[in-house]
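Beneath this line is the structure, given in structure tokens, with notes to follow.
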Amino acid sequence: MTRYCVIGAGAAGISTLQRLRAAGYDADCFEKTDRVGGHWHTDYDALHLITSRDMTGFEGFPMPKEYPHFPRRDQVRAYLESYAREHGLYDVIRFETAVVSVVPRPGDGAVGSAGWTVTLDTGESIDYDGVFVANGHLWDQKRPAISADFTGKQVHSGSYRNTGDIEGTRVLVVGAGNSGCDLAADAAQHRLEVDIVIREGVYFQPKSYFGVPRQEIPWMGQFAPDEQDLIARLLARVSIGEAKDYPGLPEPAYRTLAEGRTVVNELLLYWVQHGRIGVRPAIERIEGRTVHFADGEAREYDTILWATGFHASLPFLDEALVPRRNGVPLRLAAGIVPAGLDKLYYIGLSAPRGPQIPVYGVQAALALRMVALHESAPGGYVPLSAYLAGLQAEDDRIDIVRAVWNDQLADTERLLDAFVLAQATADSAVSGVV
């Protein structure tokens, strides 16, 4: 009997586990903490969704209507827990059980063709026909080497909870993604002196237009992705202005939202115009509590908040099995299939822009189609990774434009259709000869 393993019980893990069970597969899920919901338990208190309530839920399980348009962290956490309860997942997940290694079982085919052996921190080793990796990519904190030179208080965004973590009144936030802008606004709203390092220009987008969440504007869907990009930029120019309207804010070096990073945050711009947040260029060096910037200026700070991202870590896999580019595992099939590995599936390692929670179900459904192809083949294996590698380019993007990711999905579905047709044609030819 085939059996599958899911690593992690965050949003990606519980979505995958439910898909597996609904399809009739036996599956185990291991979660190293004592709870469902992953980082939604530990993110900073000021966190809210940047995508709307009605667009961000699991398929067939919408967020409660009493939630606001942009739910706060604890509401999202409660929603994830309610999904797990509704589907009986608490009875299936093994909590406080960490996966320490995932090793390909020996076989004559490609790596993973015979399945995988999963070893737990309990000492158990269990053989599985396939493994779904949903351990998340927002937990292994990345700090620049220069942080070692700062002698004041420093906190990474992954550990920051609220302004109680800040010492003193002079705060520097390093990193201008969504989290960095949230942290800077949080500190500014508590009347602290805040600067933020923005090394290169990004496009800012409001959460709503005309009082309607961006993803829910009905007429936007009538336009092609590049047209939507243009409309969004024009609407932002009307509602929040341009970089030149905010002291120190660098101009984006790229023309469209799709070409670079986009930040969904208006509060940072609000506090820049109110003088609560200053914009600083790249850091040149740090001496004690003094930070020297690329423009020749220097300032002293009591606390630095590092919003410098995370490593895409897979601590249970031998790194020799995980080819990387820019520090990120290389993948095929819309980010689901690891380069060079079979019967291992990444769920949540690609983050197409827009609502994230629905993405996990789509990824799991595509992976389950591959599972079915393996299970229906003689010997329980078909060389899907090699097949896809010959027809698709390996990708290292986590942040990826939604339209590009949608194209990757469609291409993968098309290639799987072609694979099935080729297999059926070959089987018919063999039957005819016989």
Side-chain angles (χ1 to χ4, degrees), residues 43-52 68-73 138 154-163 165-166 169-209 211 213-215 232-233 235-254 257 260-283 291 293-295 297 299 301-310 353-354 399:
D43 286 319
Y44 47 92
D45 295 343
L47 178 64
H48 284 249
L49 281 178
I50 62 172
T51 54
S52 69
H69 279 311
F70 300 101
R72 60 184 181 271
R73 185 202 73 182
L138 300 175
Q154 24 185 344
V155 185
H156 190 277
S157 62
S159 298
Y160 177 84
R161 297 295 170 265
N162 51 53
T163 53
D165 294 326
I166 294 172
T169 59
R170 300 167 300 180
V171 183
L172 178 66
V173 179
V174 182
N178 288 303
S179 295
C181 292
D182 276 353
L183 268 56
D186 193 32
Q189 288 170 170
H190 285 79
R191 298 180 300 281
L192 300 173
E193 298 177 45
V194 185
D195 284 339
I196 184 169
V197 171
I198 303 181
R199 296 186 301 172
E200 57 185 33
V202 299
Y203 280 107
F204 285 85
Q205 287 279 293
K207 286 187 173 182
S208 298
Y209 288 117
R214 295 170 66 242
Q215 294 84 17
R233 283 182 282 122
L235 288 174
R237 185 179 297 180
V238 170
S239 61
I240 60 177
E242 300 175 80
K244 63 182 177 57
D245 301 316
Y246 299 88
L249 202 64
E251 293 279 353
Y254 42 89
L257 306 182
R261 292 190 302 117
T262 302
V263 174
V264 183
N265 189 301
E266 297 166 88
L267 284 176
L268 179 96
L269 304 179
Y270 174 90
W271 288 117
V272 167
Q273 287 196 327
H274 285 72
R276 286 280 184 190
I277 297 176
V279 179
R280 299 288 170 180
I283 295 173
V291 179
F293 298 100
D295 60 0
E297 292 194 18
R299 289 198 69 185
Y301 297 96
D302 303 305
T303 297
I304 293 181
L305 303 178
W306 299 101
T308 44
F310 301 84
R353 295 177 187 178
D399 172 36

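Reckoned from all heavy atoms, side chains included, excluding hydrogens, waters and symmetry mates.
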Next on the checklist: Assess the residue pair Glu297 and Arg280 against the criterion (salt bridge (charged side-chain N to carboxylate O under 4.0 Å, His left out)); give the C-alpha distance rounded to whole Å, side-chain angles, the decisive distance to 0.1 Å, and a yes or no.
Outcome noted: CA-CA 9 Å; Glu297 292 194 18; Arg280 299 288 170 180; 2.8 Å; yes
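- In this structure, Ala188 and Val194 approach most closely via the heavy-atom pair N-CG2, 3.7 Å.
- To the nearest 0.5 Å, atoms CZ (Arg73) and CG (Asp45) are separated by 5.0 Å.
- Between His274 and Tyr270, a ring centre-to-centre spacing shorter than 6.0 Å is recorded.
- Taking the side chain as every heavy atom from C-beta outward, Tyr160 and Leu183 approach each other to under 4.5 Å.
- Taking the six-membered ring where tryptophan is involved, the planes of Phe293 and Tyr301 are perpendicular, since the angle between them exceeds 60° and thus also 30°.
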Checklist entry - After noting the C-alpha distance and the side-chain angles of Arg170 and Asp302, does the key distance pass the salt bridge (charged side-chain N to carboxylate O under 4.0 Å, His left out) rule? => result CA-CA 5 Å; Arg170 300 167 300 180; Asp302 303 305; 2.9 Å; yes
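- A distance of 7.0 Å separates CG in Asn265 from CG in Asn178, rounded to the nearest 0.5 Å.
- In summary, the side chains of Tyr44 and Asp182 do present a donor paired with an acceptor at a separation below 3.5 Å, with no hydrogens or angles considered.
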Checklist entry - side-chain contact (heavy atoms from CB on, under 4.5 Å) between Leu305 and Ile166: does it pass, once the steps are laid out? => result CA-CA 8 Å; Leu305 303 178; Ile166 294 172; 4.2 Å; yes
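- In this structure, the separation between CG on Leu47 and OG on Ser179 is 7.0 Å, given to the nearest 0.5 Å.
- Here Arg214 contributes atom CZ and Gln205 contributes atom CD; the two are 4.5 Å apart, rounded to the nearest 0.5 Å.
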Checklist entry - So Glu242 and Arg233, salt bridge (charged side-chain N to carboxylate O under 4.0 Å, His left out) or not? Walk me through it. => result CA-CA 10 Å; Glu242 300 175 80; Arg233 283 182 282 122; over 6 Å; no
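- No side-chain donor-acceptor contact under 3.5 Å links Asp245 to the backbone of Gly241.
- Distance CD/Gln273 to CG/Leu249: 10.0 Å, rounded to 0.5 Å.
- Between Arg261 and Asp399 there is no salt bridge, since no side-chain nitrogen of the basic residue lies less than 4.0 Å from a carboxylate oxygen of the acidic one.
- Ring centroids of Tyr203 and Tyr254 are separated by less than 6.0 Å, placing the two rings close together.
- Put simply, the side chain of Arg161 gets close to the backbone of Ser159: a donor and an acceptor are under 3.5 Å apart.
- Taking a 6.0 Å sphere around NE2 of His69, one finds it holds 12 or fewer heavy atoms contributed by other residues, nucleotides or ligands.
- By the neighbour-count criterion of 12 heavy atoms within 6.0 Å, atom CZ of Arg237 is sparsely surrounded, having that number or fewer from other residues, nucleotides or ligands.
- The structure places CZ of Phe70 at 9.0 Å from CG of Leu49, a figure rounded to the nearest 0.5 Å.
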